[in-house]
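Here's the structure, in structure tokens; my notes come after.
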Amino acid sequence: MIEFVDASVVYPNGFRALDKVTLTIEDGEFVVVVGLSGAGKSTLLRAVNGLVPIVEGSVKVNGQEVVGASAAELRELRSGVGMIFQTFNLVMRATVLNNALMGRLSKVPRWRSLLGMWPADDKELALQALERVGIVEKSYQRASNLSGGQQQRVGIARALAQEPSVILADEPVASLDPVTSHMVMRDLQRINRDLNITTLINLHFLDLARQYGKRLIGLRDGKLVYDGDIADVDDSIFRDIYGRAITPDDLLEGAEA
Amino acid sequence: MTVPDLVPDATHDIERPPEPKFTKWLRWIVLIALVLPLMWSAAGLEISPSRIWKAPGQILTLLGGMFPPDWTGTPKTLELILESLYVAWIGTIIGATLSFPLAFLAATNVAPRWITLPVRSFLSAIRAFPELVLAIMFIPAFGLGPFAGTLAIGLHSIGTLGKLSSEVIEGVDDGPIEAIKASGGTFFQQMRFGVVPQALPTIVAYWLYRFEINIRASAVLGVIGAGGVGAEIVGRLRFRGDWPKAGAVLILTVLTVLLIDTASSSIRRRIITGHSSASRPAKWMSALLGAGKPPSTDLIET
Amino acid sequence: MTAPQDSLTPAAMGTIQRPEPPIQVSKLAVPLVAAIAGFAVAGLSGSQPVAWGLLIGAATAAFLYWQNLARSPALLVATVVAGIASLSIFDAILESRTTVIEWTLSARASLGWVLFGLVVGFAFSWASRPALPIQGVIARSIATSVAFGLASFLALQAGSSIGYIPALRGREIDAGAIQDLGTAFYVQGSAIIGGIGLSAAIALRVRNGALFAGAASLTMTLVAVNQIDFSIRELLRSFTRIGELADQFWPPDWAWPKTIGQPEAVHIFEPFVETLQIAVIGATIGCILAVPIAFSASRPTAPNYATYWFAKSFMNVVRTIPDLFWGILFATAVGFGSPFAGALAMVMFSLSIMAKLLSETVDSIDLGPLEAAKSSGSRHWQMVQYSAYPQVAPNYIAYALYIFELNIRASVVIGIVGAGGIGRLLDERRNFFQWDQVMAIVMVIFAAVILIEVFSIWIRKKIV
């Protein structure tokens, strides 16, 4: 369970990216976050695993408080929260398997990771994660040799290898073409259903949000402006979140056309 | 630890690829390739664990002996440091002025092959001699003193700057050259308006960088009597055992070099604003190494 | 056939104003030279500080007025007054000299010019005021005064060696003689100080340092040429002696090991292997030790600010010490003639270069993978190893091979100060004036350096 209580994030340059957000996400939920760029979507996700400075309020993940947690507690918390990025954030020169193994870093002793002597169990987990996203046959190739969609699946495998209870996906399809976008979204949906992993996704495209989401959170200028079932969302609510009418640019199919 | 099954049975039908043998062994091959020469060298130089064990203590003794430094000779030291600076400056001026035309002759996009080939060989030949070795050869001809040292530094700088500048010239955009050619420009106009404006900022930055390196080189030349502060350090440490004074000389030298490095690198960064970060040596190196061309090797040598 | 010029833009003509051309640096070169000439002429009256200051102030004011940089009478008068006041101070301090003009006196006397520079800098930047805040005016004034002060210091310091201040010899100093300042000093000194100072003020005004760089470089070159007695004539004269010298160097003497009564055939080979071994140890250990320092000295991979600062400072200081000084230091510490000292020196040498190159490469890596590692809960150094290191690995290998090349050349050199290897042999033969034997050693060094360079380039091409 993820609980935000009056959580605010202020960056060192004084920008208030998140403003007194209160919300609760139950285990196993599939939540889509929408909003204009700069509305605080990425910040909301990064508040969950403590990558941004939370200046007030409280954020709890499975009962562990993020605000004021020690470095070790934060590492422990992060090891249970997988993250997927818009730009994949793979180490391009490393093999696919090594990228997936990075999800296990927090679980192996220092000397083992230093010498690169991975325990067989961890290797098995990484290979299984790669199998789940259907990319195991590329295990020993360099990440840079893969296509964009394949690279994002390696990113998902890396998060899965953590055996997480929560997955945060920050604009996971923004760098992909429509066909691969749908494939990646289906992967995430399946993972959420099969493994009961709480999933929080930032999306830019409204039609993707409608198609895959269950619960929708709308952010505007760092404030929570909508939180509810996606089925109830109509154009006026979108207009509320975006502060303007919907344009073709806000739709995956529209952008494609 | 039990491994929980992440994968439902359905996806098991894709076979896992075998781990490539080579990467498995690579680590050991690299390790052996590093350790064997190291052991051979250590044995050859009679470096035993006990000597390594003793070394930090000996170094601390030396450093302790240098403190507190004896500042009585400061005016004389500053004069010698200044002399080193002058030697480095003139050496850089010689290197810059003579390497500039040579760089055009060594650039394959400007000069024909039958010219670039001998010019390049000449440049790499003079680069192969360390400044100190050149200075040793020059001393019988020009006598002891800064003159021989200046020539040695100048000659070596021609080699390094010539190579680096020619690589800069080879990297310029051909478009402007073609445009000038198309509007009827002569060869010299093509160079003056097509190549020089593109290449000059980087080349000037290299000159400054070379000056920084030459300061170190000229500080050293005093050791063989070719002028500058080097003689002072080696004399105090080796022949007179006057450690506190040597400490003062060393500190003054380091401070001067640090000061000039800082000033010079900020000027370099300013010269190349626009692609400001490119003034950093590592980026030049990476760019040159990554381009698949023979890597530029003379950027940071001392 | 000539087309009418205005046909390209018939309708637009006259409606859009052509922009005011910016002040061109090249256009300022001639007035600058004229002003410097004015300074030099003013120097003719150098022995009367008031007249000297008046003329120099007037030359500066004329330049300001002519180039339309400052036309307010108050500023122009202030410039002239500052000239008189500053040079009176300068002169008064110089008059207090007892024997030679040493550097402390030069520094004190330069205060006069610092004062002048302050006012000149103010006059130069005052006109840009609404756009330039008052702090900017003050900063430029201070910068100009520093330029004048340094130029004055340099002119006084270099004076006796360039020859416009007669040098005193030891006996004259003992007898209490005082260094005279002739007209030559006032003329040349004024020109040098004016050239550097005014071009600095111009550079700050037009935001272009080209003129200043030119003036400063030219002055530095003139001073340096005089200081180290560098002369092209001497160079050419020495070329005529080349034939005679070549006889001493050529042919190289390959047989000499026998002549000094030691077992033959070991003399070049053995120290040469020693040099190679020193280079291997230096490059390997240095490159390995440089890794943690390099990652600590780069912002994204430094564990905390204190470590970052410490690693960065350590790196910068170590880098300023030339290879040969490391050789001397370690030879003093662990014993002269010991190759162990050479190996230690080469470790420091390699470390300083590798740390610098690698940390700058790390500065430019993609930060995404670092965030990914951090978000999965990895420890700091695990993140560095798995996310940062692979990105710089090819550069690291290329740098390491290159450093090995440098080590070969450098370890030849450090032998000369008693740190083992073939350099020791070179130094020994040189001290016996056995130039033909020196030549043989140099040829071996040359061949080895070329050979290793070719080999290293070949490997680098394979790897990268």
Side-chain angles (χ1 to χ4, degrees), chain A residues 42 45-46 48-52 71-95 98-116 118 142-144 151 154-155 158-164 166-168 170, chain C residues 287-296 298-309 357-358 361-401 460-464:
Chain A
S42 292
L45 254 60
R46 284 168 171 74
V48 173
N49 57 8
L51 286 174
V52 290
E73 285 168 346
L74 213 51
R75 273 206 304 271
E76 176 61 28
L77 181 148
R78 284 173 184 164
S79 74
V81 178
M83 193 157 185
I84 295 160
F85 303 85
Q86 173 181 354
T87 50
F88 322 141
N89 289 358
L90 300 184
V91 181
M92 289 301 168
R93 299 191 54 88
T95 61
N98 270 338
N99 270 290
L101 275 169
M102 276 176 60
R104 304 298 307 161
L105 276 177
S106 61
K107 302 282 173 32
V108 296
R110 266 173 244 235
W111 67 270
R112 274 190 175 274
S113 67
L114 181 67
L115 298 176
W118 294 91
R142 277 190 183 184
S144 55
Q151 288 184 357
V154 178
R158 179 177 60 197
L160 274 184
Q162 285 176 245
E163 303 178 280
V166 178
I167 281 185
L168 309 169
D170 186 16
Chain C
C287 289
I288 291 171
L289 291 182
V291 172
I293 297 173
F295 282 113
S296 298
S298 181
R299 280 316 267 283
T301 50
N304 53 53
Y305 190 78
T307 318
Y308 168 75
W309 187 86
L357 285 176
L358 193 61
T361 312
V362 175
D363 279 341
S364 61
I365 59 170
D366 176 13
L367 300 181
L370 298 185
E371 196 190 13
K374 206 191 258 179
S375 75
S376 77
S378 70
R379 292 181 192 89
H380 181 81
W381 289 107
Q382 287 180 323
M383 172 186 90
V384 171
Q385 185 191 351
Y386 281 89
S387 295
Y389 174 73
Q391 297 191 48
V392 296
N395 304 63
Y396 179 60
I397 295 166
Y399 297 157
L401 281 165
R460 259 192 306 231
K461 260 189 193 154
K462 292 237 140 180
I463 288 177
V464 180

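Only heavy atoms go into these numbers, but all of them, side chains included; no hydrogens, no water, no symmetry mates.
- In terms of heavy-atom proximity, C:Gln382 sits nearest to A:Pro109 at NE2-O, 4.5 Å.
- Contacts of A:Ile84 with chain C are absent, with no heavy-atom separation under 4.5 Å from either backbone or side chain.
- The shortest heavy-atom contact between C:Pro369 and A:Leu90 is CG-O, 3.3 Å.
- Contact tally against chain C (heavy-atom pairs below 4.5 Å) for A:Leu105, A:Asn98, A:Asn49: the top residue is A:Leu105.
- Counting non-hydrogen atoms of other residues, nucleotides and ligands closer than 6.0 Å to CZ of A:Arg112 gives a total above 12.
- C:Gln385 touches chain A through its side chain: at least one heavy atom from C-beta onward sits under 4.5 Å away, while N, CA, C and O do not.
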From CA spacing to verdict: side-chain contact (heavy atoms from CB on, under 4.5 Å), C:Glu371, A:Asn89: CA-CA 8 Å; C:Glu371 196 190 13; A:Asn89 289 358; 3.8 Å; yes
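- A donor-acceptor pair is defined here as one N or O able to donate and one able to accept, closer than 3.5 Å; such a pair exists between the side chain of C:Tyr386 and the backbone of A:Ser113.
- By the 4.5 Å heavy-atom criterion applied to side chains, A:Arg75 and C:Arg379 are counted as neighbours.
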Check the pair C:Ser378 / A:Met102 against side-chain contact (heavy atoms from CB on, under 4.5 Å), numbers first and verdict last. CA-CA 8 Å; C:Ser378 70; A:Met102 276 176 60; over 6 Å; no
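- For the set C:Ala373, C:Ser375, C:Ala393, the count of heavy-atom pairs under 4.5 angstrom toward chain A peaks at C:Ser375.
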Would C:Lys374 and A:Arg78 count as a side-chain contact (heavy atoms from CB on, under 4.5 Å) if you check the C-alpha gap in whole Å, the side-chain angles of each, and the deciding distance to 0.1 Å? CA-CA 8 Å; C:Lys374 206 191 258 179; A:Arg78 284 173 184 164; 3.5 Å; yes
Evaluation steps, side chain to side chain donor-acceptor pair (under 3.5 Å), between A:Gln162 and C:Ser376: CA-CA 7 Å; A:Gln162 285 176 245; C:Ser376 77; 4.5 Å; no
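- Comparing A:Met92, A:Glu76, A:Arg46, A:Met83 by heavy-atom pairs within less than 4.5 Å of chain C, the highest count is held by A:Arg46.
- Proximity to chain C (any heavy atom under 4.5 Å) is restricted, for A:Leu51, to the side chain, taken from C-beta onward.
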